[in-house]
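Reading through the structure tokens given below for one structure.
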Amino acid sequence: MEPGTIVLLHSPLTTASAWGALAEDLGPYDVVVPEITDDDRPPYAGRYVARAALEITRAGVRPPVVLVGHGGAGPLLPPVGAAQRAAHRLVGGYVFVDAELPPPAGSSRLDQAEAFGPELAAALKNGGRLPDEEPPAGVTPRPRDEEFFAEPLPMPQDWPDAPCGYLRTSEAYERQAAQARLRGWTVAASPGGHFAAVTDPEATARALTELIAAL
């Protein structure tokens with residue numbers, strides 16, 4: 001793929017701090033790292049997508065745009081892509097980094113949690129908040145309650161409209177990587193753990209740029 005702009009979209013369960021210093025190692029692409037923190041009330045997904053679209057527009061990106069989502073940002077890549085197309089901006093690809101995959105239309109994060117592990121859904125239904133684990137130093141968590149996870153997620157009918165890839169950086173997301181392979185996506189793996197962008201940005205950047213080039 002010809003160099004354009006990589007947009008690094010953080011999970012709604014963290015801030016952009018989860019990308020660490022990764023942007024510095026992603027040449028020859030331009031890189032935009034939106035900071036989205038005003039999705040703190042319903043509609044959570046709608047607010048996230050709207051803010052992401054606004055920040056991308058403000059950055060004056062150079063197409064094609066490659067949307068890269070980490071963790072919980074994965075299910076939001078399709079509507080963010082739809083917003084780019086509505087702005088007549090070419091989307092060159094979608095990359096999921098240790099991320100959840102977009103669910104069927106009308107599904108929620110809670111539906112995904114129940115499929116991934118009943119204990120996660122049970123914890124939320126009992127008043128818990130996720131994530132409940134401390135991230136690496138420098139990463140700011142944003143724990144959410146059941147209301148956030150139970151919200152149905154938007155899903156454009158014509159997605160995917162561009163090539164997709166999956167970069168697995170931890171064993172915990174092997175199931176999602178396997179699903180990506182079944183969909184015929186380009187799949188790669190890189191060590192470093194779920195927050196590989198923080199713990200090993202150089203290796204993660206190398207794996208990510210190679211994956212994007214293969215789309």
Side-chain angles (χ1 to χ4, degrees), residues 1-12 16 18-19 22-23 25-34 36 45-46 48-107 109 112 153-169 173 175-190 196-197 204-215:
M1 178 180 298
E2 291 296 320
T5 302
I6 293 176
V7 178
L8 300 177
L9 293 164
H10 64 82
S11 169
W19 289 117
L22 182 66
D25 296 309
L26 287 174
Y29 297 91
D30 295 338
V31 183
V32 176
V33 189
I36 304 167
Y48 183 104
V49 172
R51 173 58 62 179
L54 178 61
E55 294 301 320
I56 293 170
T57 298
R58 282 179 175 173
V61 298
R62 175 169 57 102
V65 177
V66 180
L67 299 175
V68 180
H70 179 252
L76 301 178
L77 291 189
V80 173
Q84 296 311 295
R85 287 184 288 145
H88 306 288
R89 195 173 293 123
L90 177 65
V91 176
Y94 299 88
V95 178
F96 299 76
V97 179
D98 242 29
E100 296 294 336
L101 300 183
S107 298
R109 295 180 189 275
Q112 289 183 308
L153 296 171
M155 185 65 189
Q157 292 184 349
D158 59 349
W159 192 87
D161 54 283
C164 298
Y166 197 99
L167 178 60
R168 180 185 65 76
T169 61
Y173 283 80
R175 181 179 65 88
Q176 288 83 355
Q179 290 178 353
R181 292 188 193 96
L182 290 175
R183 297 184 185 190
W185 296 1
T186 303
V187 178
S190 179
T204 305
R206 185 164 54 251
L208 182 57
T209 52
E210 290 175 357
L211 178 58
I212 291 173
L215 293 181

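The structure displayed is predicted, hence computed values, not measured ones.
Contact of the V33 side chain with the L22 side chain is not registered, since no non-hydrogen atoms from C-beta on lie closer than 4.5 Å. Within the 4.5 Å cutoff, the side chain of L215 has no heavy atoms near those of the W185 side chain. Side-chain contact between P103 and L153: present, with at least one pair of heavy atoms (C-beta onward) separated by less than 4.5 Å. Using a 4.5 Å heavy-atom cutoff, the side chains of Q176 and E100 are in contact. Residues S190 and L167 form a side-chain contact, since some pair of their non-hydrogen atoms from C-beta on lies under 4.5 Å apart. Contact check for P79 versus P156: side-chain heavy atoms found under the 4.5 Å cut-off. Looking at heavy atoms from C-beta onward, V68 lies out of side-chain contact with V7 at the 4.5 angstrom threshold. With contacts defined as side-chain heavy-atom distances shorter than 4.5 Å, the pair R183/C164 does not qualify.
Going from atom CD of E210 over to atom CD1 of I212 covers 11.0 Å, rounded to the nearest 0.5 Å. Between I36 atom CD1 and L54 atom CG the span is 10.0 Å, to the nearest 0.5 Å. Between atom CZ of residue F96 and atom CG of residue L211 there is a gap of 11.5 Å, rounded to the nearest 0.5 Å. Rounding to the nearest 0.5 angstrom, the gap separating the CG atom in D25 from the OG1 atom in T204 is 9.0 Å. One distance of note links CD1 of I6 with CG of D30; it measures 9.5 Å at 0.5 Å rounding. For the atom pair S11 OG and Y48 OH, the distance stands at 7.0 Å (nearest 0.5 Å).
For L77 against V95, the heavy-atom pair with the smallest separation is CD1-O, 3.6 Å. A pairwise comparison of heavy atoms in A23 and V31 identifies CB-CG1, 3.6 Å as the closest pair. The heavy-atom pair separating H10 from P34 by the smallest distance is CD2-O, 3.3 Å. Nearest approach of V80 to I56, heavy atoms of both residues: CG1-CD1, 4.2 Å. Here the closest heavy-atom approach between residue A177 and residue V187 is recorded as O-CG2, 4.0 Å. Among all heavy-atom pairs drawn from L90 and P63, the shortest one is O-CB, 4.2 Å.
Pairs of residues two or more places apart, or lying in two chains, that qualify as salt bridge (charged side-chain N to carboxylate O under 4.0 Å, His left out) and include a residue from residues 75-97 are R85-D158, R85-D161.
Although no hydrogens or angles enter the test, the distance criterion places a donor-acceptor pair under 3.5 Å between the side chain of Y166 and the main chain of A99. At least one donor-acceptor pair closer than 3.5 Å links the side chain of T5 to the backbone N or O of R62. Looking at R109, its side chain does come within 3.5 Å of a backbone N or O of G72 through a donor-acceptor pair. Judged by distance alone, the side chain of T209 and the main-chain N or O of A205 form a donor-acceptor pair under 3.5 Å. Using modelled atom types, no side-chain atom of D98 and backbone atom of G71 make a donor-acceptor pair closer than 3.5 Å.
Remark: R51 engages E55 in a salt bridge, criterion side-chain N to carboxylate O under 4.0 Å.
A distance below 6.0 Å separates the ring centres of Y94 and W159.
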